[in-house]
Structure formats: structure tokens, C-alpha cells
Amino acid sequence: MYANPNSIINPSLWPNGPAPGCFFNFPGNGVTPSTSNGGIITRTQSPVTTGTSILGIIFDGGVMLAGDMLGSYGSMAKFRSIERIIKVNNSTVLGATGDIADFQHLQAIIEQKVIDEDCADDGFTLKPKALHTWLTRVLYNRRSKFDPLWNTFLVAGIEDGEPYLGCVDKIGTAFSDSKIATGYGAHIALPLMREALEKKPQMTKEEARALLINCLRVLFYRDCRALNKHQIATITNEGVTIENNIQLDTNWEVANFVVGYE
């Protein structure tokens, strides 16, 4: 790198920065192609802004997704209104854990698919099982190119009158179940959901919502990348409803009894 004597930029404003027109090599994240990696830029293999757990559960007559609205910039709670649960159409909802940029890239593609189907006007719409299968192919394809989309997705919806809940991760591994949790929720929230469903396999919508709220509260207490600002999506035969900016009541009095870690 060299300083251009004809540049109108005062080099003293950024003495250690690059010359005009050159790349800035951010510490720990090389963006300039080099011979050491064959000239390949590997931005997607080091996610910058990420989201944590998404929870999903099937209840009697529908399916529900829940998650917080935080976009973490490393360990900093920077973006506090990120919608990681989106409505695809009147029967399908998508939730994402992981890299926000990769999720928004795929969201734009899915939205265009929905527009194309509406323009076709042939009576067919994107169903949850079809979206789940399509995602497995896209993610496995990107993984096979060693350029994965750094996400885990939950697909929820109603198909042929029956609720459906599926999961697919960044390498294309996919499955469906009556209760699924991604991220840290797979360790903390999923055992609570399993215990509740063992006691009552056929939950009502109100019981399922109360269970998810309890799991979200526990995750807020335990997960350093969680936020007390949530989304809950409910999908039934009547359609899709997404509640945003839900604030949960919390109690931190127990923190006074935690000692010995100073």
C-alpha cells in the first residue's frame, strides 16, 4: 500500500489505514484475496451478525414458532429489532438461527418465489413441506461448494389440514418433529418442551403459547445472546398471525444469591 500524493484525503485522519482505492484488512477477517487460500474470499465462514434460538411446537389445530429479535454483533447486542420469523404466505412461516445476512439473502429469494407463484395464478402456493425440501437442497448445495449459508431454519405451516414443523441446518441435514429448538434452545428449552408434551401430548393453542413464553424467559435468563423482546407466530387453518415486540415479565432477585464468581 502507498499514499497517493494527489489524494484529497488527509492521511493523518487515518494514519494506519489503507491508501485510497485499496482494501481495508479488518483484524481477523481477511477480505483481500491472497495466495494462501487460493484467492478465495471466505466471508460466509465467519458470520458477523447472528441470531440465537428459534422454538417450534405443534399444538391441537396448528403450529407455533417463537424467538427473540436480537442481532448480535459478536458479543454485542447491537440490533434489537431483527425479525427472524417471517410470513411466507397464508399457510407457511419461516424462522432462522445464525447469520442474519445469509437469512436475509435467502428471504429475498423466497419472497421472489412467492411473487412468481402469485403471478402464475394457477391455484398453487408454496406449501411448508415443499419449502422445507427446497431449503434442504439449497443448503446442501452451498455446503457441497464449501460456501455454506450459516443458518438453521425452522419451517412451520399447515398442509392438507395438518400442522407441519421441519428443521434444516447449514449442511442440509433435515428432519420434522412435533417440537424443535435451534441454537442454545436445543440444550435449554427443548427438555422443557419434551417434558410438557409428555404430560399432555395434545396441547391447546393457549397452553402451547404459555409453554413457549416460559422457554423464552428461561433462555433470556441463561443465554447471553438472547433479548427480552420476542416474536411469536401462530399458524392455523385460519391463517398466519405474527406478534412482534413481546416483552416478558422477569425477576432477577435471585441474582443477589449468586456469589463467589467475582
Side-chain angles (χ1 to χ4, degrees), residues 26 28-29 43-57 63-89 92-115 126 128 131-132 135 138-139 142 148-157 165-170 180-190 209 212-235 240-250:
F26 190 80
N29 289 287
R43 283 188 291 260
T44 59
Q45 296 181 25
S46 56
V48 176
T49 303
T50 59
T52 186
S53 311
I54 295 290
L55 313 178
I57 189 170
V63 58
M64 200 172 290
L65 292 186
D68 66 40
M69 302 182 70
L70 178 63
S72 297
Y73 185 78
S75 60
M76 181 172 66
K78 185 172 184 179
F79 305 103
R80 297 168 177 259
S81 296
I82 299 292
E83 295 184 3
R84 298 186 296 117
I85 299 176
I86 61 169
K87 176 182 176 180
V88 177
N89 53 37
T92 308
V93 166
L94 179 68
T97 293
D99 192 358
I100 301 298
D102 285 350
F103 165 56
Q104 292 176 341
H105 164 68
L106 208 55
Q107 177 185 356
I109 296 174
I110 293 171
E111 288 175 348
Q112 186 59 52
K113 286 174 65 68
V114 173
I115 292 172
L126 187 62
L131 177 60
H132 189 207
L135 283 171
V138 171
L139 293 170
R142 290 290 297 264
L149 294 172
W150 214 268
N151 297 105
T152 300
F153 292 101
L154 289 191
V155 180
L165 178 62
C167 176
V168 55
D169 66 12
K170 65 179 180 293
I180 303 176
T182 66
Y184 200 59
H187 305 284
I188 299 297
L190 192 56
R209 190 177 189 277
L212 289 184
I213 287 178
N214 181 56
C215 291
L216 291 172
R217 183 180 294 109
V218 171
L219 285 173
F220 178 57
Y221 288 145
R222 297 289 185 177
D223 188 356
C224 294
R225 302 294 180 267
L227 183 70
N228 189 26
K229 187 176 179 182
H230 302 92
Q231 290 180 285
I232 297 181
T234 306
I235 309 97
V240 173
T241 302
I242 299 182
E243 305 170 69
N244 293 320
N245 302 315
I246 299 173
Q247 301 279 346
L248 303 183
D249 57 304
T250 56

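Within the 3.5 Å criterion, the main-chain N or O of L248 finds a donor-acceptor partner in the side chain of N228. A donor-acceptor pair under 3.5 Å is formed between the side chain of R84 and the backbone N or O of A96. Panel note: side chain D223, backbone R225; a donor-acceptor pair is recorded below 3.5 Å. Between the side chain of R217 and the backbone N or O of D249, at least one donor-acceptor pair lies under 3.5 Å.
Taken from OG in S53 to CG in L70, the straight-line distance is 11.0 Å, to the nearest 0.5 Å. Atom CD1 of I180 and atom SG of C167 lie 5.5 Å apart (nearest 0.5 Å). Residue S81 holds its OG atom at 9.5 Å from CG of N244, rounded to the nearest 0.5 Å. I100 contributes atom CD1, which lies 13.0 Å from atom NZ of K78 (distance to the nearest 0.5 angstrom). For the atom pair CG of L65 and CD of Q231, the computed distance is 10.0 Å after rounding to the nearest 0.5 Å. Atoms OH and CG, from Y184 and L219 in turn, are 8.5 Å apart once rounded to the nearest 0.5 Å.
Annotation: side chain of V155 is in contact with side chain of T92 (closest heavy-atom distance under 4.5 Å). Between I85 and V93 there is a side-chain heavy-atom pair separated by less than 4.5 Å. Counting only heavy atoms from C-beta outward, the side chains of L94 and F153 approach each other to under 4.5 Å. Under the 4.5 Å side-chain criterion, counting only non-hydrogen atoms from C-beta, V138 is not in contact with V168. E111 is not listed as a side-chain neighbour of V114, based on a closest heavy-atom distance of 4.5 Å or more. When side chains are defined from C-beta on, K170 does not count as touching L149, because their heavy atoms never get closer than 4.5 Å.
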**OP:** Go through the steps to decide whether M64 and I235 satisfy the test side-chain contact (heavy atoms from CB on, under 4.5 Å), and finish with yes or no.
**Re:** CA-CA 6 Å; M64 200 172 290; I235 309 97; over 6 Å; no
**OP:** Check the pair Y73 / V48 against side-chain contact (heavy atoms from CB on, under 4.5 Å), numbers first and verdict last.
**Re:** CA-CA 6 Å; Y73 185 78; V48 176; 3.3 Å; yes
**OP:** Apply the test side-chain contact (heavy atoms from CB on, under 4.5 Å) to residues R209 and L212: give CA-CA distance (whole Å), side-chain angles for both, the deciding distance (0.1 Å), then the verdict.
**Re:** CA-CA 5 Å; R209 190 177 189 277; L212 289 184; 5.9 Å; no
**OP:** Verify side-chain contact (heavy atoms from CB on, under 4.5 Å) between F103 and T97, making sure each step is shown before the conclusion.
**Re:** CA-CA 8 Å; F103 165 56; T97 293; over 6 Å; no
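Every residue two or more places apart in sequence or in another chain was checked for a ring pair (Phe, Tyr, Trp, His ring centres under 6.0 Å) with H230, and none qualifies. Checked against side-chain contact (heavy atoms from CB on, under 4.5 Å), N245 has the following partners two or more places apart in sequence or in another chain: M69, K229. By the side-chain contact (heavy atoms from CB on, under 4.5 Å) test, K87 is found to be paired with N90, V240, I242, residues two or more places apart in sequence or in another chain being considered.
For the residue pair T152/T182, the side-chain donor-acceptor check at 3.5 Å is not satisfied. For D99 and T50, the side-chain atoms include no donor-acceptor pair closer than 3.5 Å.
None of I57, L165, L154 except one satisfies the side chain to side chain contact (heavy atoms under 4.5 Å, CB included) rule with V63; the exception is L165.
Across every non-hydrogen atom of A66 and I232, the tightest pair is CB-CG1, 4.0 Å.
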